[in-house]
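Notes for the one structure printed next.
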Amino acid sequence: MSVSDNLKRLNERIAHAALEAGRDVGDIALLAVSKYFEPTVIEQAYNMGQRLFGESRAQEFRDKHPHLPSDIKWHFIGTLQSNKIKYVAPWVDLIHAVDSVKLAKAISEYNKKNSIHSQILIEINSSAEDSKHGFSQQQACEAVLEIESLEHLSVRGLMTMAARSENEKQIRESFARVRNIAEDLKGHHGLKRCDILSMGMSNDFEYAIKEGSTIIRVGTGIFGSRRR
Ligand SMILES: *Cc1c(COP(=O)(O)O)cnc(C)c1O
């Protein structure tokens, strides 16, 4: 299957999942995850009208994005180290995976020095798996409130990776936990703009749409499997 066939099919599946969930498909953004793929491959999706792309490795992103059209909107979805903020923060519309107060403080300081502002999401470890980054369900509210109080950044929502499971119920529960934290932040803590939920990848985006995801991050489902 070509990138264009994959994108067409994927957009049909997104529309179908939205319909089943009783949601407006316009409220669900497709982030095309292009890590490991060359600009020529990324351009195939761009030529189909895709404008929102996600990268997860800071140096790779630094080297790649200057070769691609300037009307692409980039999101950074990977684990970010403080010394690589400079490769990312000036060039992206959204940083998805802020997983510590320390990283948030470093972004805030970098932005202050460079007179820029970042929109960020806070990563939640919704399955409590040791291998995953992010705040636990218990830590989440306090951490978000502390990060939200920093200057030069805005917390726009939450991001998670689902439980490593084949079980629909378990996967959906991990997404639902994150949605509940976001609702709590909006309802009880006054974070009115905390309305982005970055949840769902190639294998579980339909469940994520049913649990309220507003950005799905799909790589393999568009570009095929990645060489490692
Ligand atoms: C690579 C990656 C994705 C895309 O995964 P696929 O299974 O290829 O769709 C989504 N989110 C994050 C954080 C990733 O690193």
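Each residue takes its place number in the sequence, starting with 1. These numbers were taken from a predicted model, which means no experiment stands behind them. Each ligand, and each atom within it, is numbered from 1 in the order the structure gives.
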- Proximity flag H96 to ligand 1, non-hydrogen atoms under 4.0 Å: no

- Message: Can you tell me if N203 contacts ligand 1 (heavy atom of the residue under 4.0 Å from the ligand)?
- Response: no

- Do H152 and H117 have ring centres separated by under 6.0 Å? no

- Are W74 and F61 close enough that their ring centers fall under 6.0 Å? yes

- For R51, look at atom CZ and say whether over 12 heavy atoms of other residues, nucleotides or ligands are found less than 6.0 Å away. yes

Short list, please: which atoms of ligand 1 are under 4.0 Å from a heavy atom of [X]?
X	result
G219	4 (C), 6 (P), 8 (O), 9 (O)
M161	13 (C)
T220	6 (P), 7 (O), 8 (O), 9 (O)
M159	13 (C)
V218	9 (O)

- Can a salt bridge be assigned to the pair K35 and E55 using a cut-off of 4.0 Å between side-chain N and carboxylate O? no

- Query: Between R57 and Y36, is NZ or CZ placed under 6.0 angstrom from the six-membered ring centre and within 45° of the ring axis?
  - Reply: yes

- Return the option from K35, R226, M201 holding the heavy atom at the smallest distance from atom 2 (C) of ligand 1. K35

- Return yes if a side-chain donor-acceptor contact under 3.5 Å exists between N111 and S118, otherwise no. yes

